[in-house]
There are 2 protein chains.
Amino acid sequence: MATMKDVASRSGVSVATVSAVIHDADWVSDSTRARVQRAIEATNYRPNHVARSLKTRRGYAIGAIVSDLTNPFFTEVVRSLSHALRQHDRSLFLCDSDHQFDLGATNLRMMQDKQVDGLIVIGDTVRPRLLAKFLEEAPEVPVIAIERAYDLDGVCCLLVDSEEGGYRATRHLIENGATRVAMINGPEEGAGSTTYGRAKRYEGYRRALNEAGLTFDAALVEQGTFRYESGKAALNRLLSLPTPPDAVFVANDMMALGALEAARNSGRNLPHDLMLVGYDDIPLASLTSPGLTTMAMPKHTLGTTAATLLHKQIETGRPTTASRHMFDATLVVRGSTRAPTP
Amino acid sequence: MATMKDVASRSGVSVATVSAVIHDADWVSDSTRARVQRAIEATNYRPNHVARSLKTRRGYAIGAIVSDLTNPFFTEVVRSLSHALRQHDRSLFLCDSDHQFDLGATNLRMMQDKQVDGLIVIGDTVRPRLLAKFLEEAPEVPVIAIERAYDLDGVCCLLVDSEEGGYRATRHLIENGATRVAMINGPEEGAGSTTYGRAKRYEGYRRALNEAGLTFDAALVEQGTFRYESGKAALNRLLSLPTPPDAVFVANDMMALGALEAARNSGRNLPHDLMLVGYDDIPLASLTSPGLTTMAMPKHTLGTTAATLLHKQIETGRPTTASRHMFDATLVVRGSTRAPTP
DNA sequence: TTGTACGCGTTATCAC
DNA sequence: GTGATAACGCGTACAA
């Protein structure tokens with residue numbers, strides 16, 4: 001592997017000049033610049049990123065810790081992230097923490113050791129106190145959180161307005177004639193429980209009921225685990241109520257798909273006998289029949305924004321205060337709430 | 001941030017001794033070792049991985065290029081990989097190449113620049129010629145491919161015996177009474193086409209037909225794109241044949257789920273009117289009703305083995321010859337081929 | 001059993 | 001415009 005020295009001697013200049021050429025310094029004469037360029041190509045020289053990092057104290061990589069990569073929402077965020085980072089010529093260190101809080105510490109340390117220039121925390125694995133420690137120990141490194149609201153100076157949270165999302169989802173059901181709207185909520189503890197949207201969706205649901213003058217019935221609120229089976233079970237319970245609901249707002253798509261299955265098994269005809277709205281818009285939501293009406297999370301935007309924001313903060317330095325960016329979920333209407341127009 | 005020098009002066013020894021303590025050299029006296037340890041803790045010293053890398057020419061990270069992270073099969077492989085690597089104290093550089101062949105070059109170069117200690121190529125994005133160039137330019141770096149058969153010296157391919165898998169899937173259908181077994185195959189070009197299993201599954205299908213004395217009917221073989229919609233469409237075509245099949249072997253689960261949907265829509269009752277076997281065993285396959293019988297890919301094993309193998313090769317040096325490790329897909333029987341026992 | 005000194009490939013600061 | 005040269009933090013002969 002050719003080094004800068006090789007290029008230098010080959011083109012009869014000093015390493016300083018070669019470095020200058022590489023970094024487009026403005027003071028190099030055109031003739032030497034050309035000579036150096038030629039030498040670079042001839043030797044097939046590539047700068048040694050490690051040496052550069054040692055000197056500049058930058059890793060030119062960013063780290064991402066994701067609580068569960070197999071969650072389709074997260075998968076897409078990571079994918080967008082990967083592509084956005086490539087544009088900025090940065091690489092991505094990925095850690096899946098598998099909802100195990102104890103792994104958070106290990107993962108954070110790993111990121112620190114690798115001298116990442118920025119950190120992205122996706123989901124709910126990393127405990128606030130741990131992150132606070134990271135902020136303290138790596139005061140230069142900007143941190144962005146996705147779908148988790150940290151109240152820590154320096155952390156920038158990318159959130160989706162799930163109160164509004166829950167509201168819109170529920171209102172959509174009411175506008176389509178539902179009068180007894182149930183909700184299958186996310187878990188109050190365990191995996192996914194500390195996610196930003198978890199509590200908010202419920203709040204939006206309540207607001208929509210209120211606004212429409214529908215009385216809230218606690219029996220209509222079920223709690224699931226964000227997983228398929230729990231949605232199926234929850235809907236079965238709802239359907240066996242003395243007065244079952246005529247519509248259900250489900251806090252995420254995986255549970256909604258489970259609910260869809262349960263509805264089918266019960267012989268219900270969607271959307272006539274029962275309407276269903278999910279949350280996330282995972283790829284599969286458009287593929288079932290009927291298709292699943294859902295609140296689409298701006299997955300691509302989240303990934304891309306995280307990359308851009310991080311890039312900016314790496315240049316300008318980490319902000320000293322906490323901040324939040326709110327994004328909207330958009331209603332995607334499919335067959336589970338509205339019959340296809342003929 | 002404390003450096004080795006700090007630790008050295010604080011404990012009244014030289015940096016060499018500190019280094020020795022860190023690397024568990026056997027010649028350090030217990031007393032000095034203890035003293036150094038204390039100093040390490042007191043100063044909260046952490047070795048600088050970048051400096052170490054510069055010296056040792058190792059990055060202590062491995063790179064993975066995945067052709068499509070949103071493919072549930074790949075997602076799980078990557079997840080297993082991430083966890084296995086943590087055990088080995090290595091970190092993971094991840095690139096999604098999104099089925100774009102041109103990105104392969106960029107990604108490979110990125111990995112090279114980061115001085116990864118090993119490379120894992122998952123899926124079919126990286127062209128053989130490109131990989132050959134990498135092998136040449138980075139002669140130390142072991143390379144492992146998952147589900148793609150490269151015939152390049154030094155590359156170790158982790159494959160699943162899909163001929164056998166296709167055979168077993170088809171035989172399972174025949175054993176359950178099918179006499180007219182169709183197949184929905186993967187694409188012959190484009191995304192996923194150069195995957196190892198693509199052609200093999202078809203071969204296994206043919207072998208099983210042969211062995212059972214069933215005559216092959218070209219009209220019963222459809223070609224899909226590995227995606228949901230294509231499976232749905234393909235099954236619809238099959239069902240509208242003059243003599244439709246009574247069972248279908250589908251080359252992956254996503255298409256099989258599409259086929260399942262089409263079967264339902266046509267009013268077919270599975271498994272009585274029609275049997276279906278998929279391939280991969282993605283999480284969703286167990287969740288539909290009826291559940292999807294499928295050939296389970298050893299996703300976890302693939303990820304873990306890749307990590308272990310790489311680890312070993314990093315120690316012993318990259319093998320000089322090409323090699324293949326074959327794994328088995330296992331039949332998972334669900335409702336789409338066998339009625340639940342009461 | 002321990003310390004000294006050099007080099008890894010860059011970047012950055014000067015002096016020319 | 002250009003070239004020496006000193007860091008960056010660590011590993012490791014080699015000397016003691």
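One can place CZ of B:Arg46 at 15 Å from C1' of D:dC10, the figure rounded to the nearest angstrom. Look at NZ on B:Lys5: it is 9 Å from C1' on D:dA7, rounded to the nearest Å. Atoms CG (B:Asn48) and P (C:dC8) sit 18 Å apart, rounded to a whole Å. Rounded to an integer number of Å, the gap from CZ of A:Arg35 to P of D:dG1 is 14 Å. In this structure, B:Tyr45 places its OH atom 8 Å from C1' of D:dG9, rounding to the nearest Å. We find that NE2 of B:His23 is positioned 20 Å from P of C:dT1, with the value rounded to whole Å. The distance between atom CD1 of B:Ile22 and atom P of D:dG11, rounded to the nearest whole Å, is 7 Å.
Side-chain contact, B:Ser14 with B:Thr17: a donor N or O sits under 3.5 Å from an acceptor N or O. Judged purely by distance below 3.5 Å, without hydrogens or angles, the side chains of A:Thr32 and A:Ser29 pair a donor atom with an acceptor atom. Between B:Arg52 and B:His49, the side chains place no donor N or O within less than 3.5 Å of an acceptor N or O (distance only, hydrogens not considered).
Across all strands, B:Ser19 comes closer than 4.0 Å to base atoms (heavy-atom distances). Within the 4.0 angstrom heavy-atom criterion, only backbone atoms of the sugar-phosphate kind lie near B:Thr32; the bases stay farther away. Among the protein residues, A:His49 comes within range of no part of the nucleic acid, since none of its heavy atoms lies under 4.0 Å from any strand. Counting non-hydrogen atoms under 4.0 angstrom, B:Val13 reaches the backbone sugars and phosphates but no base. Note on B:Met4: only backbone sugar-phosphate atoms sit closer than 4.0 angstrom, heavy atoms only; bases stay farther off. Among the atoms of the strands shown, none is found under 4.0 Å from any heavy atom of B:Arg58.
Taking 4.0 angstrom as the limit, B:Thr17 places none of its side-chain polar atoms (N or O) nearer than this to OP1 or OP2 of C:dT1. Look at B:Arg52 and you won't find any side-chain N or O under 4.0 angstrom from OP1 or OP2 of D:dG9. Applying the 4.0 Å criterion to OP1 and OP2 of D:dC10, one finds that B:Tyr60 has every side-chain N and O outside that range.
Applying the salt bridge (Lys or Arg N to Asp or Glu O under 4.0 Å) test between A:Asp117 and each of A:Arg58, A:Arg90, A:Arg318 identifies A:Arg90 as the sole match.
Cation-pi check for B:Arg198 over B:Tyr196 is not met; the charged atom does not lie both under 6.0 angstrom from the ring centroid and within 45 degrees of its normal.
Relative to the side chain of A:Val28, the nucleotides C:dT1, D:dT12, D:dT2 differ in distance, and D:dT2 lies closest.
If you find the closest nucleotide of DNA chain C to B:Lys55 and to B:Asp26, the one lying nearer the 5' end belongs to B:Asp26.
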